Chemist: 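Could you have a look at this structure, given as structure tokens, before my questions?
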Amino acid sequence: MSVPGSGDRHDEELEARLRAALRASADEVTPAGDGLARIRTRTARSHGRGWMPWAVAAAAAAVVAGAGLGFVLGDRGPQRSSVAQPATPLPSTHQTPTTVTSPTPQESPASATSAVPVYWVGQQGSRLALFREFLSAPVAGTDVGARTSAAVERALAGGAGDPDYTSPWPAGTKATTTVSSSSIGVELTLPATYAVVPPATARLAVQQLVWTATAAAQENVPVRISLADGSDTLFGLSLAKPFTRGTGTDDPRALVWILAPTQGQTVAAGALTARGEGVNAFENTVEWTLTRDGATVGHGSVMTSATDTGQRGTWSVPLDLSAPGSYVLTVAEPDPSGGESTIRWADSKAFTVR
Amino acid sequence: MDVAGEAASEAATWDADEAVTALYTAHYRSLVRLSALLLHDRAVAEEVVQDAFVAMHGAWRRLRDPERALAYLRQSVVNRSRSALRRRRTAERYAPAPMPDAASAEHDALTLVEHDGVLRALRTLPSRQREVMVLRYYADLSEAQIAEAMGISRGAVKSHASRAMATLRTTLEQQR
């Protein structure tokens, strides 16, 4: 590259130092080795026709699930307002004295904060779905077990960066997570009393744990869920067999979500590229709306990168954020179940431009 | 026909799964390392690269060529790493997470200190400047390739590079 003055001996030396340091740092990174299997698992669903029956079934179940989640959400009302700061560590209020407390990461002297993937439950269109965030969590040590344990704790405890997302687990649920090369074990301790969790919410709660644990462990392996009290059913679901990531028609992820900007982010005035993921549904259209201080200042539609119907892709939209203010970006896809035409699969992020 | 030409003509018949397998074998590790250098987080880097491969699988019908697919992957990895970093910064006001993999014992202490200094200096750069440095000095990309991967003009690559070099010169001189 024609860096000005690159013929200079000092720059040659600096370039050599940069190469050596970057090379050495890169060499310390060894991928887990199962990446291809994980990619294949995710791309395999595009060969089936789809996610549609699942969506329809979920829509049918959503009345029940919505009610159930509402109940759980109600339980978590006070907590939601207390987690406006995304960096809030595991809320200690969720540790009930009657439960067996697993060693929590923040108690370890070796703990450090690290970004972990956490899946949350949110309402999208007529169904509940999983949304992913990367959040900071205290991680005791550097091994994959500590990281997975921290992500699972966070998924149970709640405290999503986006207030539209929640954990469906009863407040006070604790977990002991173990990671081996062939499976992940999560032993749960439920609080003594909690609101009834309906079957549809229960299935999504299990998927939330499975997606979070496998994402954090970087291993798409089966997740064995057990209960500390020895019960073999959880919210009415049998725990006899390990759980795996739902794929194809059982893929629990939201059809469209925003990755950037993030909820509560503050950005300098100027241009910003909004990005996210979306499933290629019908006409492969993601519609977006941008409001500033409540007034619509932009809207349009964009296609995802997915070429086949039912596939998941990415999208991006350049936004003009020259005026300071409180913005909300909303993206939506048409409801693929086709029924109630007003229902959209949507995600939104509120952020500030100054 | 040269080797690359043969590979390209064979690749024209690949389906998306074959393309993923071939590109994974050739580039997965280096892309994870690239993302890890941008993110300082190996595990998230892997998820970022896997996301990129899944997206590439979806776009293969349009790409149809390993070189274009690799360019697509690089662009996707740079974009996704930037997004993940922005999310993490938002979440924790940027206390950079340490690389999970501890330095190996073979490195002698002085080398380690030297590398650490350079890496810390890199980490203080604005993200675009750091991306240019990593793409140039780790990935060995040309100016045009860097421009493509970052979705900016070659002129912008030049100016990010010269600013980064000026800052690094100053920072590293002070460290000595």
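Chain naming here is simple, since letters A, B, ... match the order of the sequence lines and numbering starts at 1 in each. Quick caveat: nothing in here was measured; it's all calculated off a predicted structure.
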Chemist: Relative to chain A, which segment of B:Tyr24 carries a heavy atom at a distance below 4.5 Å: side chain, backbone, both, or neither?
Modeler: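 Contact with chain A: side chain only.
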Chemist: When you compare the side chain of B:Tyr28 with that of A:Ile39, does any pair of heavy atoms fall below 4.5 Å?
Modeler: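 They are in contact (side-chain heavy atoms under 4.5 Å apart), so the answer is yes.
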Chemist: So for A:Arg19, is it side chain, backbone, both, or neither that comes closer than 4.5 Å to the heavy atoms of chain B?
Modeler: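 Both backbone and side chain.
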Chemist: Please check: side-chain N/O of A:Arg312 versus main-chain N/O of B:Ala55, any donor-acceptor pairing under 3.5 Å?
Modeler: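 No, A:Arg312 side chain to B:Ala55 backbone: no donor-acceptor pair under 3.5 Å.
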Chemist: Do A:Thr30 and B:Arg29 pair up side chain to side chain, a donor and an acceptor below 3.5 Å, judged on atom types alone?
Modeler: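 No - no donor-acceptor pair under 3.5 Å links their side chains.
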Chemist: Going by the salt bridge (Lys or Arg N to Asp or Glu O under 4.0 Å) test, name the single residue among A:Arg275, A:Arg38, A:Arg42 that passes it with B:Asp51.
Modeler: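 Between B:Asp51 and the candidates, salt bridge (Lys or Arg N to Asp or Glu O under 4.0 Å) is satisfied uniquely by A:Arg42.
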Chemist: To the nearest 0.5 Å, tell me how far B:Leu172 CG sits from A:Arg17 CZ.
Modeler: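 Reported value, rounded in 0.5 Å steps: 4.5 Å.
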Chemist: With a 4.5 angstrom heavy-atom cut-off, is it the side chain or the backbone of A:Ala20 that approaches chain B, or both, or neither?
Modeler: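 Both backbone and side chain.
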Chemist: Can you check side-chain contact (heavy atoms from CB on, under 4.5 Å) on A:Leu22 and B:Leu119, steps first, answer last?
Modeler: CA-CA 7 Å; A:Leu22 287 168; B:Leu119 294 172; 4.2 Å; yes
Chemist: Side-chain contact, heavy-atom cut-off 4.5 Å: B:Leu122 with A:Leu18?
Modeler: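 Of all side-chain heavy-atom pairs linking A:Leu18 with B:Leu122, at least one is under 4.5 Å.
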Chemist: Among A:Val116, A:Leu36, A:Thr314, A:Thr304, who wins on heavy-atom pairs under 4.5 Å with chain B?
Modeler: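 Top count of heavy-atom pairs under 4.5 Å with chain B: A:Leu36.
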Chemist: Is it the backbone or the side chain of B:Arg154 that comes under 4.5 Å from a heavy atom of chain A, or both, or neither?
Modeler: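 For B:Arg154, no heavy atom lies under 4.5 Å from chain A.
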